[in-house]
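One structure below.
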Amino acid sequence: MKLLVTSALPYANGEIHLGHLAGAYLPADIYVKYHRLKGTDVIFICGSDEHGVPITIAAQRAGISPKELVDYYHPLIKQSFEKFGIEFDNYSRTSLSLHYQTVQNFFLQIYRRGFITPKTTSQLYCPRCKMFLADRYVEGACPSCGNNEARGDQCEQCGKWLEPFELIDPRCKICGMTPERRETVHWFFRLSQFETNLRTWLASKTHWKPNVMRFCEGWLKRGLVDRPITRDLSWGVPVPLPEAKGKVFYVWFDAPIGYISATQDWAESLGKPDLWKDYWFNPQTKLVHFIGKDNIVFHAIVWPAMLMAHDEFILPSEIPANEFLNLEGAKLSTSRNRAIWLSDYLSQYPPDPLRYALAINLPENRDVDFTWADFHSRNNNELADILGNFINRVAVFIKRYYCGKIPQLTGTDPDSENVIKMAQEIVLRIEGLIEGFQIKDAAREMMNLAAIGNRYFDHSAPWRTFSADRAQCDRTMAVCARLISMLEIITYPFLPFTSRKIAKMLHLGKRSWHDALNPVVPSELGETEILFQKLPEEIIIQERSKLESGSDNNVKNKKEPSMISIEEFKKIDLRVALVKSAERIPGTSKLLKLIIDLGKEERQIVAGIGEAYSPEAVVGKQVVVVVNLQPATIRGVESFGMLLAAVDGKQVALIRPDQDVTPGTTVT
RNA sequence: GGUGGCGUAGCUCAGCUGGCAGAGCAGUGGAAUCAUAAUCCACGGGUCAGGGGUUCGACUCCCUUCGCCACCA
């Protein structure tokens with residue numbers, strides 16, 4: 001058997017956040033790591049989804065081309081995954097020319113087989129942006145309630161569903177221009193032809209998760225309609241028909257074909273360009289798509305129909321779709337920046353605690369809530385206190401009482417036998433759970449093994465038997481060492497970084513999953529270290545307030561490319577200023593009220609440097625100030641400008657000119 | 001608006017085909033001292049969102065109201 005595992009292609013208009021991880025990436029990675037250990041022939045394929053209107057819009061807003069936008073995000077996404085320990089065999093992207101060819105060939109094949117038909121439709125077109133506008137990119141007054149901000153698909157105020165043409169005074173959301181109605185030809189995929197085949201195929205998937213099955217049943221009951229697969233855009237995979245000049249494929253058509261092209265890309269990079277066929281053309285291959293629930297219809301209905309229409313590739317075997325992750329009791333929202341971004345997380349914490357906190361509470365059955373309090377408690381009370389402490393107490397005991405020599409297992413007793421048996425049962429249970437996509441329960445079982453270790457250690461009381469019954473004490477430690485050796489293997493899919501540390505501690509080499517049932521135990525302990533650092537309780541409050549400030553400020557697309565043009569930079573008026581006076585603002589530790597001299601004028605500004613600088617220390621110094629910043633009132637004190645300083649955590653350093661200049665001098 | 005899902009202990013979640021309500025964390029009491037004051041033992045705690053129905057028996061099946069979510073048009 002071969003396994004071809006995919007995770008939904010992340011859309012390259014933003015970074016990865018916790019919702020993505022919990023839905024499609026972490027469970028897939030755990031599943032794949034387990035299978036790699038087991039020796040299964042498995043490949044794990046993913047890549048950035050780089051086409052579609054949202055990307056063209058985001059690019060336009062940032063003043064760059066779509067290609068520049070995806071070139072910015074693709075590597076960021078890729079790196080975040082790597083740092084988090086998500087190990088794809090290939091993380092590709094849909095802007096590759098290889099992908100273009102694959103999509104076009106795929107299309108031509110289903111076109112030849114008669115599953116594509118052209119149809120003339122009427123759409124709104126913006127003459128200034130020179131493009132047809134998707135529903136969501138038209139705004140206007142709602143014909144039923146008069147709300148002036150109704151979107152082309154729905155009026156948010158009265159909830160009425162709309163057609164873009166129904167809007168009164170429609171305007172293009174990008175440039176504000178009034179769009180006109182134009183006729184255009186689009187090509188449709190004849191999804192309706194596949195109703196019977198899909199029904200039969202789905203009926204055989206008796207073991208699929210009920211959430212997936214119910215979605216599909218609902219769709220089939222309603223009847224399938226043909227879907228347009230082309231758009232009038234310049235960004236995307238061109239439609240390879242002479243009469244379709246200037247049209248590209250709809251992103252939902254090209255993206256899943258990315259699973260195929262990314263596999264081809266993988267094969268090429270290995271120097272075996274035909275290797276991908278061993279998977280995609282092989283009926284012995286199980287194709288597993290990890291996705292979030294928003295993608296179910298697509299992966300369980302449309303994509304299989306596309307594959308049936310093409311008729312050469314295998315169909316999905318498993319679609320373990322997850323529900324959604326909420327944050328602190330509310331929906332996460334990227335547009336309001338109410339999200340936890342993976343790169344932000346990784347800049348502060350190690351990957352494994354998050355992998356664990358997410359794995360133990362995956363949205364497998366329903367939407368689930370991620371809270372920082374839970375993360376904190378999982379890290380401190382479970383990873384550090386149960387798992388970390390078990391390993392540590394055994395290691396320290398062996399070091400201190402046995403000079404680091406691990407006693408070998410000789411003789412036995414009912415307790416020890418029982419513990420080993422329970423541990424072996426856990427290994428077998430985890431196997432069944434992971435293979436049945438019950439990752440959450442599997443993670444619980446993993447922690448359970450450490451808890452069993454603690455219980456055994458306590459009951460055996462080696463600190464007493466060491467002098468009273470040495471043989472018994474030897475046995476206890478031998479069994480504990482054995483449990484740690486097992487833990488090294490079974491933690492690997494969930495906590496790969498920790499597992500590697502344990503391996504170093506026990507000088508363990510490469511092993512397979514099955515070795516966990518009867519693991520080797522070395523005779524000597526290596527360097528030991530604390531596996532999990534406890535986190536202070538303050539982080540709960542800090543992280544929570546970060547979330548709230550993100551959404552309150554209504555910062556839109558915080559994560560847009562940081563590239564700006566020289567013109568934008570020139571808008572910032574930077575000047576050298578001399579600090580005339582400074583005083584603390586009562587009731588704050590960080591804030592200073594400064595009067596600065598800008599040559600022609602004096603100004604009052606508030607600066608958050610009070611922890612690093614006393615008022616006396618800044619008076620008489622030259623500093624750099626943004627003078628054309630909107631005035632703000634901070635703690636009741638007005639501020640007309642902003643002081644520049646280098647800030648790294650608590651360390652704050654003022655930016656000052658290398659030599660004194662006339663106050664008011666421009667900085668460029 | 002249509003379709004589907006969810007609502008279970010203070011918190012986060014399990015409960016397959018109806019048969020005495022579960023886990024982890026938090027809480028309370030005790031034991032132990034090898035360990036990152038980490039562990040172990042015991043205990044308390046729920047009108048299973050509200051209402052109605054089917055049944056000997058309903059968290060589970062049916063209807064309905066409320067709240068939340070997803071998808072579709």
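Naming: A, B, ... by sequence-line order, numbering from 1 per chain. Remember, predicted model here, so these are calculated numbers, not experimental data.
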- prompt: Hey, are the side chains of A/Arg429 and A/Ile426 touching, using non-hydrogen atoms and a 4.5 Å cut-off?
  reply: yes
query: Counting any heavy atom closer than 4.0 Å, what does A/Phe457 reach on the DNA or RNA strands: base, sugar-phosphate only, or nothing?
result: base
message: Please classify the nucleic acid contact of A/Val368 as base, sugar-phosphate, or nothing, using heavy-atom distances under 4.0 Å.
response: sugar-phosphate
- request: Determine whether any donor atom in the side chain of A/Arg393 lies under 3.5 Å from an acceptor atom in the base of B/C34, or the reverse, and answer yes or no.
  value: yes
task: Mark yes when over 12 heavy atoms from residues, nucleotides or ligands other than A/Glu529 sit less than 6.0 Å from its CD; otherwise mark no.
output: yes
query: When all nucleic acid strands are considered with a 4.0 Å heavy-atom cut-off, which category describes A/Leu531: base, sugar-phosphate, or nothing?
result: base
- prompt: Between A/Phe397 and A/Tyr401, what is the ring plane arrangement, given parallel below 30°, perpendicular above 60°, and tilted in between?
  reply: parallel
- request: Indicate whether OP1 or OP2 belonging to B/A70 is found under 4.0 Å from a side-chain N or O atom of A/Lys331.
  value: yes
query: OP1 or OP2 of B/G4 sitting under 4.0 Å from any side-chain N/O of A/Asn211?
result: no
query: Under 4.0 Å: is that the gap between some side-chain N or O of A/Arg378 and OP1 or OP2 of B/U12?
result: no
message: What's A/Glu217 touching, base or sugar-phosphate or nothing? Going by heavy atoms closer than 4.0 Å.
response: nothing
task: Please work out if A/Phe390 contacts a base, only the sugar-phosphate, or nothing of the nucleic acid, heavy-atom cut-off 4.0 Å.
output: nothing
- prompt: Has A/Phe397 got its ring stacked on the base of B/C34, with centres under 5.5 Å and planes less than 30° apart?
  reply: no
query: Heavy atoms under 4.0 Å, any strand shown: does A/Arg214 hit a base, just sugar-phosphate, or nothing?
result: sugar-phosphate
- line: Rounded to whole Å, the CG-C1' distance (A/Asn448 to B/G22) equals 15 Å
field: Ring geometry between A/Phe194 and A/Phe115 (parallel below 30°, tilted from 30 to 60°, perpendicular above 60°)
entry: tilted
task: Hey, which sits more toward the 5' end of RNA chain B by its nearest nucleotide, A/Tyr401 or A/Arg227?
output: A/Tyr401
message: Given B/C13, B/C71, B/C34, identify the nucleotide with an atom nearest to the side chain of A/Arg400.
response: B/C34
query: What does B/A23 pair with, Watson-Crick or G-U, if both distances are under 3.5 Å?
result: B/U12
- request: Could you tell me whether the side chain of A/Tyr356 reaches within less than 4.5 Å of the side chain of A/Leu495, counting heavy atoms only?
  value: yes
query: Does A/Asn365 have a side-chain nitrogen or oxygen under 4.0 Å from the phosphate oxygens OP1 or OP2 of B/A14?
result: yes
field: Proximity to the side chain of A/Phe215 - top-ranked nucleotide from B/C71, B/C25, B/U39
entry: B/C71
field: Options B/C40, B/U36, B/C13, nucleotide nearest the side-chain atoms of A/Asn454
entry: B/C40
- prompt: Taking only N and O in the side chain of A/Arg366, is any of them less than 4.0 Å away from OP1 or OP2 of B/A14?
  reply: yes
message: Output the rounded distance in Å from NZ (A/Lys293) to P (B/C71).
response: 8 Å
- prompt: Of all the choices, B/U36, B/A38, B/U33, which nucleotide is nearest to the side chain of A/Arg464 once you look at every atom?
  reply: B/U33
Aromatic A/Phe375 / basic A/Arg378 pairing, under 6.0 angstrom, 45° off normal: no
Residue mapping more 5' on RNA chain B - nearest nucleotide basis, A/Asn381 or A/Val297: A/Asn381
field: Side-chain N,O (A/Arg455) to OP1/OP2 (B/C41) below 4.0 Å
entry: yes
message: Given B/C41, B/C25, B/U39, identify the nucleotide with an atom nearest to the side chain of A/His459.
response: B/C41
